[in-house]
2 protein chains.
Amino acid sequence: MIKVIVVEDHPIMVEGLKNILRSDAGIELNGDYGDGKSVLQALEKGQPDVILMDVNLPDISGVTLCGEVKKKYEDVKIIALSIHDEQPVIHSMLQNGASGYVLKNALGNEIIRAIYAIMDGEEYLCSSTKEALKNADMELLKAIPRITRREKEILQLIGKGLTTMQIADQLFISTHTVESHRKNLMEKFGVNNTTSVVKLASEYKLL
Amino acid sequence: MIKVIVVEDHPIMVEGLKNILRSDAGIELNGDYGDGKSVLQALEKGQPDVILMDVNLPDISGVTLCGEVKKKYEDVKIIALSIHDEQPVIHSMLQNGASGYVLKNALGNEIIRAIYAIMDGEEYLCSSTKEALKNADMELLKAIPRITRREKEILQLIGKGLTTMQIADQLFISTHTVESHRKNLMEKFGVNNTTSVVKLASEYKLL
DNA sequence: AAAAAAATCCCGGAAAACAGGGGTTTTCCC
DNA sequence: GGGAAAACCCCTGTTTTCCGGGATTTTTTT
């Protein structure tokens, strides 16, 4: 029996997943958790074979959670579940140790297939995910940029529509500093204006 | 028996909803559809009492679909299902005739409760939705701005990171015209820079 | 304790966006 | 069909952002 746990904050979705998993005799559902903290606690008392993990959780990002789980329990396989097909999101999850990536618009049996595939040591990507990755060559694929606390702070204020000067005033730093951060954000996101930074940040749920 | 149909593009979610609806003896599930077009077709051959409708569909926006369905079949009650708790989204759905709004992180029985409530002629909002609406007084609530074809086009190009001049070139209009549209977008969204426009548009899934 | 990363500050010129004005053509409603 | 509103188009001056370099001081990590 393959032991599976589900990490997902939408109860209706959990309901659907339970249903799907129940339909397969070789899979045993060992509990579900609505956020990152509770699953980390639960793992201390024993690990499943596979975690089905939503990428958007209420407390911490799926990318971070995935990395932490794999660091502590390297044998646990993780399948990412997501509504995003943005390449950097997919890429970041895989880099953080996920063995599979299945979009939420996938059919139920793709989940089952994914579980068996990764138990066989394969990496499983659902068809839409493959489609999304196909166009870019893996080498050039950008991950979600890692931004610092301060940068995030400034990003959020920019998102609120504040100008450089207003941000400087609010954080008690000079406008030059704000501009530096702005510049670094553009650099990290690989774009050349703040609008695009905000758009990407919004897509990656960084705001 | 209350006849219900589900409009939702995530099969796993549909699975969960089916499960929940099956558990109630007074509700009968009359089919599910993955996009707006197919549900409009299906409605021509007969209407249910209630439609559970996802706000984010692959083909048309839930807001539009809701309006169209209500225009043709005013007796059909609609419950919006959504992951967003943004006020303008909620407001727009309700203005377009939805009788209920339930967030996807709601518990299964909230769906059941919502169905019965709206069949009694009430309006049903789940607790998180009420929370989201509470802070703003209803009078001032902004709906999602209605933008024109051209404006949307320009919005998308801005979202791609193009400058005014690049957009002008691409659409064969002058930079001044682009700036006018930019201005109108800011006006309609009630903000004073493009970055905020893009952020909001992204939240409302207008890009 | 050394090295790396983050956060802070600085400049000047070029490029773009913004604000506030105007006008013409569609579209929609009565 | 006619009037109003919306959509679309254009212009000028001012403000803000962007780009290209810098530099110094804290943290954090190894």
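Protein chains get the first letters and strands the later ones, always in sequence-line order, with residue 1 at the start of each.
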Q. Can you find a side chain N or O atom of R182(A) that sits less than 4.0 Å from OP1 or OP2 on dT17(D)?
A. yes
**Q.** Donor/acceptor link under 3.5 angstrom from E179(B) side chain onto base of dC18(C)
**A.** yes
**Q.** Separation of N30(B) CG from L21(B) CG (nearest 0.5 Å)
**A.** 11.0 Å
Q: Using whole Å, report how far CG of N193(B) lies from P of dT17(D).
A: 8 Å
Q) Roughly, in whole Å, what's the span from CZ in R150(A) to C1' in dA5(C)? A) 16 Å
Please list, for nucleotides 20-26 of chain D, all pairs of protein and nucleotide N/O atoms separated by less than 3.5 Å.
residue, atom, partner, partner atom, Å
dG20(D), O6, K183(A), NZ, 3.3
dG21(D), O6, K183(A), NZ, 2.7

Q.
I need the S82(B) OG to M53(B) CE distance, nearest 0.5 Å.
A. 12.5 Å
Q | Main-chain N/O of L57(A) paired to D54(A) side chain as donor or acceptor, under 3.5 Å | A | no
Q | Rounded distance (Å) that lies between atom P of dA7(D) and atom CG of L155(B) | A | 14 Å
Q.
For the CG atom of L17(A) and the CD1 atom of I12(B), what is their distance to the nearest 0.5 Å?
A. 5.0 Å
**Q.** Considering all heavy atoms, the nearest D9(A)-N56(A) contact
**A.** OD1-O, 3.5 Å
Q) Counting any heavy atom closer than 4.0 Å, what does N192(B) reach on the DNA or RNA strands: base, sugar-phosphate only, or nothing? A) sugar-phosphate
Q. Which ones in residues 163-174 of chain B lie close to DNA chain C, meaning a heavy atom under 4.0 Å from one of its atoms?
A. T163(B), T164(B), M165(B)
Q: Ignoring backbone atoms, test whether H176(B) places a side-chain nitrogen or oxygen under 4.0 Å from the OP1 or OP2 oxygen of dT12(D).
A: no
Mind listing the side-chain donor-acceptor pairs of residues 65-79 of chain B below 3.5 Å, one per line with the distance, residues two or more places apart or on another chain?
residue, atom, partner, partner atom, Å
K70(B), NZ, E74(B), O, 3.2
K70(B), NZ, V76(B), O, 2.9

Q | Residue among R182(A), H176(A), H181(A) satisfying side chain to side chain donor-acceptor pair (under 3.5 Å) with T164(A) | A | R182(A)
Q. Rounded to whole angstroms, how far apart are CD on E151(A) and P on dT8(C)?
A. 10 Å
Q. Expressed in angstrom and rounded to an integer, what is the separation of N184(A) atom CG from dT17(D) atom P?
A. 16 Å
Q. Just wondering, do I154(B) and L171(B) contact through their side chains at under 4.5 Å, heavy atoms?
A. yes
(Q) Measuring to OP1 and OP2 of dT17(D), would you say a side-chain N or O of T194(A) lies under 4.0 angstrom away? (A) no
Q) Between atom CD in E153(B) and atom C1' in dC8(D), what is the gap in whole Å? A) 12 Å
**Q.** Spacing of I147(A) atom CD1 relative to dA5(C) atom P, expressed in whole Å
**A.** 17 Å
Q) Can you tell me how far the CE atom of M93(B) sits from the OG1 atom of T129(B), to the nearest 0.5 Å? A) 11.5 Å
Q | Exercise: do Y116(A) and E122(A) side chains pair donor with acceptor under 3.5 Å | A | no
Q | Nucleotide of dC8(D), dT8(C), dT28(D) approaching R149(A) most closely (side-chain heavy atoms) | A | dT28(D)
Q) Any side-chain N or O of T177(A) less than 4.0 Å from the OP1 or OP2 oxygen of dC9(C)? A) yes
Q: For I154(B) and dC9(D), give me the distance from atom CD1 to atom C1', rounded to whole Å.
A: 10 Å
Q.
Looking at R146(B), I'd like to know whether one of its side-chain N or O atoms comes within less than 4.0 Å of OP1 or OP2 on dA6(D).
A. no
